[in-house]
Amino acid sequence: MLLGGLASGGALVAFEPALAAMATKARPQFGSFGVATEYLDRSVAPGDDFYEFVNGGWVKANTIPSDKSRYGEFERLGDLSTANTRALIEAAAAQAGATGNAKRIGDYYAAFMDEAGIEAKGARPLQPDLARIAAIANAQQLAQAIGWINRDFNASLPVNVGIGVDQKNTARYATSMSQGGLGLPDRDYYITDQKAFVDARAAYRKHVSAMLKLAGLTDTDARAERIYALEDKLARSHWTRIESRDADKTYNPMATAELVAKAPGFDWMAMLREVGLADRPTFVIRQPSAFIAFAQLSNQIPLADWKDYLAMRVISSRAAYLSKAFVDENFAFNGRTLNGTPEQQARWRRGVSATEGALGDAVGRLYAAKYFPPAAKAAAQAMIANVKAAWVNRIKGLTWMTPATKQKALAKLAALRVEIGYEDKPRDYSSLVVDRADAYGNYGRSIRHEWDRQLAKLPQPVDRGEWSMIASTVNAQSNFVLVKVMFPAAILQPPFFDPNADPAVNYGGIGAVIGHEMSHQFDDQGSKYDATGKLENWWSPTDLAQFKAAGQKLIDQYDSYRPLPDMHIQGALTLGENIGDLAGLGVAFDAYKASLKGRKAPVIDGFTGEQRFFLGWGQVWRTLHREPAMRNRITTDPHSPGPWRAITVRNIDAWYDAFGVKPGQKEYLAPGDRVKVW
Ligand SMILES: [Zn+2]
């Protein structure tokens with residue numbers, strides 16, 4: 001396996017060496033000041049191709065590891081987290097007399113790694129679930145099955161029942177229903193005519209047939225055709241991803257009786273009794289027209305086809321826990337065909353992910369205990385305070401926003417909470433039974449355990465401390481209803497943050513990540529939520545019109561980028577993330593300047609402080625993609641691909657000053673064409 005650039009020589013331990021090194025003024029992990037300057041392509045002018053200027057050497061020096069569909073700093077750090085976590089989990093698995101979560105973690109992993117035991121069982125673990133589906137005899141039992149699969153399986157279904165904070169009353173939880181149930185990544189894969197998707201459709205039908213055959217069904221080619229036809233009908237009823245990310249359009253509370261009346265044909269109550277929600281008076285229906293269509297389809301399409309379809313959903317969702325033939329077929333389609341990945345990840349990597357999926361909070365705590373010293377948290381807190389202060393100044397200085405709206409924006413910023421490392425309160429796994437000889441059963445029980453945890457939340461006050469990431473996650477998150485941003489321990493590593501790097505580079509890295517997450521609270525969707533997290537407009541009409549016009553300019557800008565010859569980035573799908581990058585980079589730059597307290601930053605290795613800031617940003621986004629993965633990502637991912645995130649700089653005046661970017665250069669934008677959202 002290839003690791004990215006310099007990091008392959010770096011320590012495998014994430015944080016301890018970096019902090020120990022701080023005391024001895026050791027060198028940063030990347031280059032002499034935190035940027036791997038040996039990877040710059042100085043033959044390219046920054047104003048012509050900023051990404052290439054920063055990362056051209058890295059792009060030439062790296063290839064995508066054979067078990068990945070894309071590769072960049074997030075994947076490199078992800079590998080590091082996984083390797084560190086593996087050691088912790090294996091120690092737990094080897095510990096004689098372990099108890100509590102250590103035993104659960106060790107047993108879960110050991111069961112997953114017992115390939116011989118899993119192989120010996122073949123398709124047998126599936127049989128009780130498939131027998132239940134085979135026994136479905138009427139519409140009511142079909143609805144019940146969609147209920148128990150919702151509850152006991154991690155499978156996307158035509159109706160996905162969920163529990164979350166009520167967006168209009170953030171003191172309580174609400175129940176919701178979301179569309180889903182497609183085996184291909186998106187409705188576009190069924191509907192659009194580009195050759196890659198036409199090919200994916202043909203490969204998918206073969207894959208469905210192969211999976212059904214492995215599970216012991218007969219006449220599988222014909223069944224696969226009918227399953228595909230069913231999914232195609234579902235896909236055509238679905239909302240697009242752009243529609244589905246609209247917080248207003250998807251907030252449709254409906255009395256349960258009203259749902260039953262408006263979407264006839266499906267036995268909603270039979271499904272709800274199965275998931276334990278028959279007594280809920282109201283559901284937030286995210287895509288009403290899709291549910292009306294589904295209820296009709298549930299009647300029109302023969303029951304036999306629905307049964308085959310549900311069998312495929314169940315087989316597919318459990319494939320990773322079955323014998324090698326299932327695992328390989330699952331990877332051949334989802335890994336190789338859809339994402340171009342040549343080889344499957346090593347079993348132990350899948351074992352670590354599986355264990356994190358089931359016992360994530362407990363695993364994350366082991367990671368944090370070893371790799372997240374208090375000093376790292378303190379360093380992050382200091383930077384967060386500076387970025388937040390820069391945000392306050394930015395809002396105060398806006399020329400286009402009226403004072404009343406500004407006051408609301410400032411109130412929201414003041415209410416914004418920041419959490420670092422991992423969730424405060426430990427999750428309780430004491431009722432989760434983990435059997436060292438039953439990988440399949442462990443997985444099912446862990447999903448049921450999580451569903452029961454969700455159900456138990458319903459009558460409780462909202463837990464504002466909840467996280468959906470763990471300490472070892474290389475990512476960060478913003479939550480609109482809880483009005484908070486979260487930074488797991490594992491993102492506080494180079495190139496995002498290095499205590500030995502020049503501060504300019506850290507501001508361009510983790511500073512901009514902090515700015516990005518804070519900015520989400522003010523992106524096209526986040527800005528619809530007020531200081532209490534309630535989905536309620538706080539904008540004056542003129543301010544909102546101004547904000548939307550700026551957003552439209554950013555949509556147009558990203559629509560013009562073509563990562564593939566026949567596909568452009570979807571500006572409207574990626575708008576929230578692009579606002580996050582643009583505003584986040586801007587406030588991080590302000591925070592960096594403020595940190596200098598009027599002093600001039602030194603020139604280091606020929607680079608000014610401003611230049612080092614933007615280099616720090618640029619190197620974070622170096623990423624290689626396999627072609628099918630890029631196609632999949634452009635279709636489904638609300639984030640723009642890394643290289644296009646790097647060139648957010650085109651909208652920032654300070655970048656022009658820093659690198660002397662002039663009219664006529666390829667990435668030059670006239671001042672009036674630079675998008676200013678915040
Ligand atoms: Zn984001």
Side-chain angles (χ1 to χ4, degrees), residues 70 72-75 77-78 241-242 244-247 380 383-384 387-388 390-391 394 412-413 416-420 467-470 473-492 495-497 507-529 533 547 550-551 554-555 557-558 561 563 569-589 591 616-618 620-623 625 633-649 651-652 675 677-678:
R70 68 174 189 229
E73 292 301 323
F74 284 88
E75 289 73 24
L77 289 175
R241 282 174 195 263
I242 292 168
S244 287
R245 67 178 288 277
D246 187 316
M383 189 164 271
I384 285 162
V387 174
K388 198 169 179 178
W391 245 112
R394 193 163 268 247
K412 177 163 177 171
L413 196 57
L416 180 66
R417 291 183 307 129
V418 178
E419 294 172 358
I420 307 163
W467 282 46
S468 59
M469 299 177 292
I470 63 175
T473 308
V474 183
N475 213 328
Q477 227 177 45
S478 205
N479 187 310
F480 301 154
V481 281
L482 299 179
V483 204
K484 70 173 181 178
V485 289
M486 294 153 280
F487 304 96
I491 190 105
L492 298 167
F496 295 97
F497 175 71
Y507 274 98
I510 195 70
V513 169
I514 292 165
H516 173 100
E517 298 307 335
M518 288 185 176
S519 302
H520 268 313
Q521 299 284 338
F522 300 95
D523 76 17
D524 66 313
Q525 299 304 315
S527 62
K528 294 175 175 176
Y529 298 77
F547 180 65
L554 201 56
I555 291 174
Q557 187 176 99
Y558 275 79
Y561 294 148
I569 293 176
Q570 300 187 70
L573 178 63
T574 55
L575 178 59
E577 296 298 334
N578 297 336
I579 291 176
D581 282 344
L582 176 55
L585 189 62
V587 293
F589 184 81
W617 168 257
V620 158
W621 297 114
R622 53 195 179 204
T623 322
H625 291 82
R633 181 169 188 178
I634 295 170
T635 308
T636 61
D637 194 334
H639 301 84
S640 300
W644 288 269
R645 299 184 72 167
I647 57 171
T648 297
V649 296
N651 296 304
I652 295 189
V675 182
V677 178
W678 284 98

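As the structure lists them, so they are numbered: ligands from 1, and atoms in each ligand from 1. Excluded from the calculations below are hydrogen atoms, water molecules and symmetry mates; all remaining heavy atoms, backbone and side chain alike, are included.
A cation-pi contact links Lys412 to Phe522, judged by a cut-off of 6.0 Å to the six-membered ring centre and 45° from its axis.
At least one N, O or S atom of His516 sits under 2.8 Å from the Zn ion (ligand 1). With a cut-off of 2.8 Å, the Zn ion (ligand 1) has an N, O or S atom of Glu577 in range.
With respect to the Zn ion (ligand 1), His520 has NE2 as its nearest N, O or S atom.
When only modelled atom types and interatomic distance are considered, Asn651 and Gln557 share a side-chain donor-acceptor pair under 3.5 Å. Side chains of His520 and Glu577: a donor-acceptor N/O pair is present below 3.5 angstrom, by distance only.
Results of the ring pair (Phe, Tyr, Trp, His ring centres under 6.0 Å) test with Phe496 over Trp617, Phe487, Phe74 single out Phe74 as the only residue that passes.
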